[in-house]
Amino acid sequence: MPNFLKKILGDKQRYRNFKKDTDALPQPYDEAMKAIEKYMWNFAKGEGFMDALEAVLHMFQESSAENVPVENIIGSDPVKFCDNIMAQYPNDLWIITYQNKLRKQIKEITD
């Protein structure tokens, strides 16, 4: 039981730190990061997805320090940017699980 509590408390602290660091970004990096986070959580399985969000946050932190425009970070299509990031974390996405399940079911039906 102590490990469970430690994990829950640790995850909450990690997320709080992420939100704090996001809020500390200058505009428009802050707003862009929040929009990306909101979009990407729609496809995440759970807490393990924090690695992906933190990777994007670090990218935004470094880019804001170097005054790289947001458009240069994410390109012309923010959905494509997010999809490319999420593709690097397939085990943390529910959509990948369901896509693979559908592929397996159809294969079993057609074999």
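Note that these values count all heavy atoms, side chains included, but never hydrogens, waters or copies made by symmetry.
- With rounding to the nearest 0.5 Å, the separation of CE in Met40 from CE in Met33 is 7.5 Å.
- Judged purely by atom type and a 3.5 angstrom limit, Asn42 uses its side chain to pair as donor or acceptor with the backbone of Lys38.
- The pair Asp30-Lys34 meets the salt-bridge criterion, with a side-chain N (NZ, NE, NH1 or NH2) lying under 4.0 Å from an Asp/Glu carboxylate O.
- Aromatic ring pairs are classed by plane angle as parallel below 30°, tilted from 30° to 60° and perpendicular above 60°; the pair Phe43 and Trp94 is parallel.
- If you take NE2 on His58 and CD on Glu62, they are separated by 8.5 Å, rounding to the nearest 0.5 Å.
- Side-chain contact between Tyr29 and Thr22: absent, with no pair of heavy atoms (C-beta onward) separated by less than 4.5 Å.
- Atoms CD and CD1, on Glu66 and Ile73 in that order, are 9.5 Å from each other to the nearest 0.5 Å.
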Inset, instruction - Go through Leu53 and Met50 one step at a time and tell me if the side-chain contact (heavy atoms from CB on, under 4.5 Å) criterion holds. - result: CA-CA 5 Å; Leu53 291 173; Met50 282 302 300; 4.1 Å; yes
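- Panel note: side chain Asn84, backbone Lys80; a donor-acceptor pair is recorded below 3.5 Å.
- Interatomic distance, Asn17 CG to Lys12 NZ, rounded to the nearest 0.5 Å: 14.0 Å.
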Inset, instruction - Starting from the C-alpha separation in whole Å, work towards a yes-or-no answer on side-chain contact (heavy atoms from CB on, under 4.5 Å) for Gln99 and Ile95. - result: CA-CA 6 Å; Gln99 287 172 342; Ile95 193 167; 3.8 Å; yes
Inset, instruction - Begin with the C-alpha distance, continue with both residues' side-chain angles, and end with the deciding distance and a verdict on side-chain contact (heavy atoms from CB on, under 4.5 Å) for Asp77 and Phe81. - result: CA-CA 6 Å; Asp77 186 353; Phe81 171 80; over 6 Å; no
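- The pair Arg14-Asp51 counts as a salt bridge, with a side-chain nitrogen and a carboxylate oxygen less than 4.0 angstrom apart.
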Legend entry - Pair Lys45-Tyr89, side-chain contact (heavy atoms from CB on, under 4.5 Å): steps then yes or no: CA-CA 11 Å; Lys45 276 185 181 174; Tyr89 300 87; over 6 Å; no
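- Taking 4.5 Å as the limit, some side-chain heavy atom of Ile74 sits within range of a side-chain heavy atom of Val70.
- Between the CG atom in Leu57 and the CZ atom in Phe18 there is a gap of 5.5 Å [rounded to 0.5 Å].
- Residue Cys82 holds its SG atom at 11.0 Å from CD of Glu37, rounded to the nearest 0.5 Å.
- Between Tyr15 and Lys20 the shortest side-chain heavy-atom distance does not fall below 4.5 Å.
- For the pair Leu93 and Tyr98, the minimum side-chain heavy-atom distance is 4.5 Å or more.
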